[in-house]
Number of protein chains: 4
Amino acid sequence: MPKVGMEKIRRAQLIEATLEAIEKHGFHGTTVSVISKKANVSTGIISHYFGGKAGLIDATMRYLLEELKQELLNHLPHTKNHHARLHAIIDANFASVQRSKKAAVTWLVFWTQSMHSADLARLQNVNSKRLISNLKYSLRHLIAKEKVEWSAQLIAAQIDGFWLRNALTHTQHSSHNQAVETCKTLIDKVICDYGLSTK
Amino acid sequence: MPKVGMEKIRRAQLIEATLEAIEKHGFHGTTVSVISKKANVSTGIISHYFGGKAGLIDATMRYLLEELKQELLNHLPHTKNHHARLHAIIDANFASVQRSKKAAVTWLVFWTQSMHSADLARLQNVNSKRLISNLKYSLRHLIAKEKVEWSAQLIAAQIDGFWLRNALTHTQHSSHNQAVETCKTLIDKVICDYGLSTK
Amino acid sequence: MPKVGMEKIRRAQLIEATLEAIEKHGFHGTTVSVISKKANVSTGIISHYFGGKAGLIDATMRYLLEELKQELLNHLPHTKNHHARLHAIIDANFASVQRSKKAAVTWLVFWTQSMHSADLARLQNVNSKRLISNLKYSLRHLIAKEKVEWSAQLIAAQIDGFWLRNALTHTQHSSHNQAVETCKTLIDKVICDYGLSTK
Amino acid sequence: MPKVGMEKIRRAQLIEATLEAIEKHGFHGTTVSVISKKANVSTGIISHYFGGKAGLIDATMRYLLEELKQELLNHLPHTKNHHARLHAIIDANFASVQRSKKAAVTWLVFWTQSMHSADLARLQNVNSKRLISNLKYSLRHLIAKEKVEWSAQLIAAQIDGFWLRNALTHTQHSSHNQAVETCKTLIDKVICDYGLSTK
DNA sequence: TATGAATGAGCCTTCATTCAT
DNA sequence: TATGAATGAAGGCTCATTCAT
């Protein structure tokens, strides 16, 4: 009887290899041959588990999104302090990227691809809306009602902007930390300016 | 009887066709054949004038950067009102994108490619530094010295962040205008908070 | 505890599945995977019992030939009425095909393959000669000696011709019956024209 | 300016190479690589002129059909002698095959493929009907009305049957001639049996 | 005896580049 | 200066076969 339960292992193996390949060779240079070699498996296995290269790319993108989602869930659940919660959102959004450059490159690739793939565009949209929604949820408890939407957009753009600039420049850790601090300061400033007097 | 002065015309023709192709078909779908058809020329001409597809892509990226540079030069040449100058920087940075979707897609592609091309990375870096430098030049006249760098980074990230989010969502004009307004408000807020008492 | 006597069962199972696969998906679409699924066994079993796909195909062809041979043996064993015997040959040759479309498609495939396989070509040749030989055996009792060979060739071609045309057009039963009738009429005509005056 | 008018030459070259490849290596062994080498061109050219291997196979089949059609047109136009016309149909149907074994193998492949391709099936059907129609046209002038259809089916099957049997056995010219003679004799017999007394 | 995960050779196709015209 | 027919390397995919279990 052949090995069972390999599917999970192989899928993880191949997704990890894909992330490495995209980081090292770029999207164009990420061929099934390159991925296979990195994962130490044959090329055929990709079609076997993902139905083809496109399926693997898709799964990799979903993996990144899911990872980010989990990161948020792990950082934010048990607090009623909305100020702290907003800071935690910042931490979560930079956490995975801070860990490795792989994710940063792949996020950028993912965004670029999403402009010409309805499927990826939908995923990207969900992700984008979640950030806004998370921000608004806490902002509602802290600042004037009519400023919530505007502030959420501001902070979201600030996060993505730092994120993008850091990805493009050969990032040191310091700049990541600086980005996190700056985002938090911006939040504080927003709360300070539009904060509810009594709560 | 060889036509002279065709080089300039052909180069412009092909760069424009490349921008259109990337917008319509994405980077992956932008083949030499597609570009040639859009430009109504033969495929061979690309190698003739640009030495190959890579040369054309490179030239297209440089064209975008040059365009942005000119945009900035045209909007902020002769003013000593640094508050107005900062607002003009915002306008300039969103102007080209506001005009067409072409640039937005291509910028994203450009950034992604720049991560795996030393040449493009250098161009991107120059561009990124110019924005910071332009912001700092005016901020120095308006806010406390020790806040200049930090504020420039903040505003630059804000610009890129809005820019990115707008590119990824199917942008309406309203959101572009909103982005411009929000960036200007952020600038005002920074000046208000850290502004020099006397000027 | 190894099951014994599985070989016969498995071989029959797989040959039947192969016939079904060829009928449904054509020769090109008949992959090891398709056959295995139809037979509800693993892919490995094919190599185990037939040494590979080629062996299974070969066995399937032999099975068809054997089936036809048996059909003939069952229909014409104990008769000395050679006129009836000739008619029985016709019946036998159309019997298996009349039963299902499977055989028709597979026969055609078999013939085609036999042109590039010495092994199959030999089988096909034996089969072809048996029909002629069977026809001649009875014809010798009914018609002039010098017309026997010619008539056998005529009738054999008539059988195969009808068979082929019926296989290619989406056959109704009526056309099969018509083919049988026409072949029998041809036999009668031959006997009538070249028949021995006394018998 | 590049060479013009090559399309016709290349298409003919490739179709001829395909016929040779099918004859020599069978349908399965007929790869684009094999065809290209036989035609002394690159593999890419097949997609260029035929949109892919399938297009080339299709064109090859159509070529065979067209050739047969022309053969018929060339042999039958200027005669009002319907007896001679029927004999000419026989000649035409065996002519192309008599010339080379290539066509014979390919016809068989074509027929087999046509069972799983709607497109090829339609072509095959048109071809099959044309033979019947041609036979009936002349038979109507020669034999009793109620025997026309039956006789046409008989003769058509006879032709195809000989054709098939000759293709399968390693044909000598003599057997081809014999097939032609036998078919003609069958026609004569039919006319003799069912012929119109007066015309 | 039986499985099916894994392999990798071989296939068709795409596409940047070349070169005779 | 310009063409586009032709090339052929490189890509992704299919599938018969193998082998650890």
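The structure displayed is predicted, hence computed values, not measured ones. Naming convention: chains lettered A, B, ... in sequence-line order (proteins, then strands); numbering from 1 in each chain.
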* To do: Identify the nucleotide, in any strand shown, that forms a Watson-Crick or G-U wobble pair with E:dG4, with both distances under 3.5 Å; if there is none, say none.
  =>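 Result: F:dC19.
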* Apply side chain to side chain donor-acceptor pair (under 3.5 Å) to C:Ser36 and C:Thr43, showing your working. => CA-CA 5 Å; C:Ser36 304; C:Thr43 60; 5.2 Å; no
Could you state the atom-to-atom distance from [atom1] of [X] to [atom2] of [N] in whole Å?
X	N	atom1	atom2	value
D:Phe27	E:dC12	CZ	C1'	13 Å
B:Lys53	E:dT17	NZ	P	8 Å
B:Lys37	E:dA16	NZ	P	12 Å
B:Ile57	E:dC15	CD1	P	14 Å
A:Gln13	E:dA6	CD	P	9 Å
A:Arg11	E:dA5	CZ	C1'	15 Å
B:Ile35	E:dC15	CD1	P	12 Å
B:Leu14	E:dA16	CG	C1'	15 Å

[X] side, atom [atom1]; [Y] side, atom [atom2] - distance, nearest 0.5 Å:
X	Y	atom1	atom2	result
B:His28	A:Phe27	NE2	CZ	7.5 Å
A:Thr30	A:Lys53	OG1	NZ	6.5 Å
A:Ile22	A:Thr106	CD1	OG1	4.5 Å

* Please list, chain by chain and in numerical order, all residues satisfying salt bridge (charged side-chain N to carboxylate O under 4.0 Å, His left out) with A:Arg62, sequence neighbours excluded. => A:Asp58, A:Asp119
* OP1 or OP2 of E:dA6 less than 4.0 angstrom from a side-chain nitrogen or oxygen of A:Arg10, does that happen here? ->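 For E:dA6, OP1/OP2 do have a side-chain N/O of A:Arg10 under 4.0 Å.
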* Structure fact -> Scanning both residues in full, the closest heavy-atom pair of B:Lys24 with B:Lys38 reads CD-NZ, 3.8 Å
* **Close approaches to DNA chain E from residues 40-50 of chain C, in residue order (heavy atom, under 4.0 Å)** => C:Val41, C:Ser42, C:Thr43, C:Gly44, C:Ile45, C:Tyr49
* Which residue lies toward the 5' end of DNA chain E, B:Gly29 or D:Thr31, if each is placed at its nearest nucleotide? -> D:Thr31
* **D:Tyr49 atom OH, neighbour heavy-atom count above 12 within 6.0 Å** =>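 Buried by this count: over 12 neighbours within 6.0 Å.
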